[in-house]
Amino acid sequence: MEYDFYRDANGIYTAEFASEQESFGYWFTDEFATNKHKIAEVLNTIVRLEKKEIQQHVIQGKTHQLLLERLEVQLIDNAQPLNAQAYPTSSDSDEDEEQEDKAEQQVPVLSEDALICGCGLVDFKQALTAWLRFVSED
């Protein structure tokens, strides 16, 4: 898991992760931020998972859901995949079909990969521990 932590020009603690896990950067920066209590709660949950006291734990965030399981962590975007079938029409005319085709081409289609990213529990724990150290440096 590749990541970088820094403080931006405004002094805001910021996390950036590799492109396949970039949503974790959002979670660390905006959901955890510098809330050491919240970070400690998640680290304690990870310990409970490692001890097999629980099988999974879900944390609902502003825009993502964090799913912690015994071996892996998934960050799931709350957005729903969009597809053309979500926009049915009741008209049968050729002109309406052309307009429908154009509208379908403009509707963004999100793959499952765009909505979910993940990593191993051990890697996540290491990154979260590093984030806690980083925001505690002052």
Side-chain angles (χ1 to χ4, degrees):
M1 187 172 209
E2 295 179 32
Y3 52 85
D4 187 31
F5 304 144
Y6 61 91
R7 289 178 79 172
D8 70 11
N10 296 319
I12 306 230
Y13 291 88
T14 304
E16 286 185 0
F17 283 73
S19 62
E20 64 273 2
Q21 296 161 330
E22 67 185 319
S23 292
F24 283 114
Y26 162 78
W27 190 273
F28 278 47
T29 302
D30 295 329
E31 294 289 344
F32 288 135
T34 58
N35 187 335
K36 296 174 192 115
H37 178 73
K38 191 173 191 176
I39 297 167
E41 283 180 1
V42 174
L43 288 170
N44 287 335
T45 299
I46 292 171
V47 169
R48 292 182 65 211
L49 286 162
E50 291 171 334
K51 291 181 176 180
K52 299 181 181 177
E53 292 175 8
I54 58 174
Q55 296 210 5
Q56 71 176 12
H57 184 78
V58 177
I59 302 170
Q60 183 60 53
K62 297 171 198 159
T63 61
H64 293 79
Q65 183 180 72
L66 185 66
L67 172 62
L68 301 154
E69 296 179 320
R70 287 189 181 160
L71 298 177
E72 68 179 333
V73 175
Q74 290 185 338
L75 193 57
I76 305 162
D77 194 309
N78 290 337
Q80 297 298 314
L82 300 175
N83 59 44
Q85 294 163 349
Y87 300 92
T89 61
S90 58
S91 175
D92 292 332
S93 77
D94 289 339
E95 186 176 307
D96 286 340
E97 286 180 20
E98 281 182 32
Q99 288 177 352
E100 181 182 329
D101 289 343
K102 287 180 184 177
E104 286 176 5
Q105 291 172 1
Q106 295 174 358
V107 174
V109 178
L110 301 176
S111 69
E112 189 171 309
D113 292 338
L115 299 173
I116 299 174
C117 73
C119 66
L121 183 67
V122 172
D123 290 337
F124 182 77
K125 182 180 180 182
Q126 289 172 346
L128 188 57
T129 302
W131 179 253
L132 179 59
R133 278 194 309 269
F134 178 69
V135 300
S136 298
E137 287 178 349
D138 280 342

Asn78 and His64: which non-hydrogen atoms are nearest, and at how many Å?
ND2-N, 3.5 Å
Nearest non-hydrogen partners of Ala127 and Phe28, listed with the distance:
O-CE2, 3.6 Å
When you look at Thr129 and Arg133, which way does the side chain to side chain contact (heavy atoms under 4.5 Å, CB included) test go after all the steps?
CA-CA 6 Å; Thr129 302; Arg133 278 194 309 269; 3.4 Å; yes
Flag, side chain of Asp8 to backbone of Asn10, donor-acceptor distance under 3.5 Å
yes
Donor-acceptor contact below 3.5 Å, side chain Glu31 vs main chain Lys62
yes
Go through the steps to decide whether Phe124 and Val42 satisfy the test side chain to side chain contact (heavy atoms under 4.5 Å, CB included), and finish with yes or no.
CA-CA 10 Å; Phe124 182 77; Val42 174; 4.1 Å; yes
Hey, mind stepping through Arg70 and Gln55 against side chain to side chain contact (heavy atoms under 4.5 Å, CB included) and telling me if it holds?
CA-CA 6 Å; Arg70 287 189 181 160; Gln55 296 210 5; 3.5 Å; yes
About how many Å separate [atom2] of [Y] and [atom1] of [X], when rounded to the nearest 0.5 Å?
X	Y	atom1	atom2	value
Ser23	Ile76	OG	CD1	11.0 Å
Tyr26	Thr63	OH	OG1	3.0 Å
Arg7	Thr14	CZ	OG1	9.5 Å
Glu41	His57	CD	NE2	8.0 Å
Gln56	Thr45	CD	OG1	12.0 Å
Asp123	Gln21	CG	CD	7.5 Å

Apply the test side chain to side chain contact (heavy atoms under 4.5 Å, CB included) to residues Leu128 and Phe32: give CA-CA distance (whole Å), side-chain angles for both, the deciding distance (0.1 Å), then the verdict.
CA-CA 9 Å; Leu128 188 57; Phe32 288 135; 3.5 Å; yes
Tyr13 vs Phe134 aromatic rings, parallel, tilted or perpendicular, using cut-offs 30° and 60°?
perpendicular
Would you say [X] and [Y] are hydrophobically clustered, going by side-chain heavy atoms of ILVMFWY under 4.5 Å?
X	Y	result
Leu43	Val135	yes
Leu121	Ile54	yes
Leu75	Met1	yes

Pick from Leu68, Val73, Asn44: which one makes a side-chain contact (heavy atoms from CB on, under 4.5 Å) with Leu49?
Leu68
Trp131 pairs by ring pair (Phe, Tyr, Trp, His ring centres under 6.0 Å) with which of Phe17, Tyr6, Phe5?
Phe5
Tell me whether the count of non-hydrogen atoms from other residues, nucleotides or ligands lying under 6.0 Å of CD in Glu2 goes above 12.
no
Do the side chains of Ser136 and Lys36 get nearer than 4.5 Å, heavy atoms only?
yes
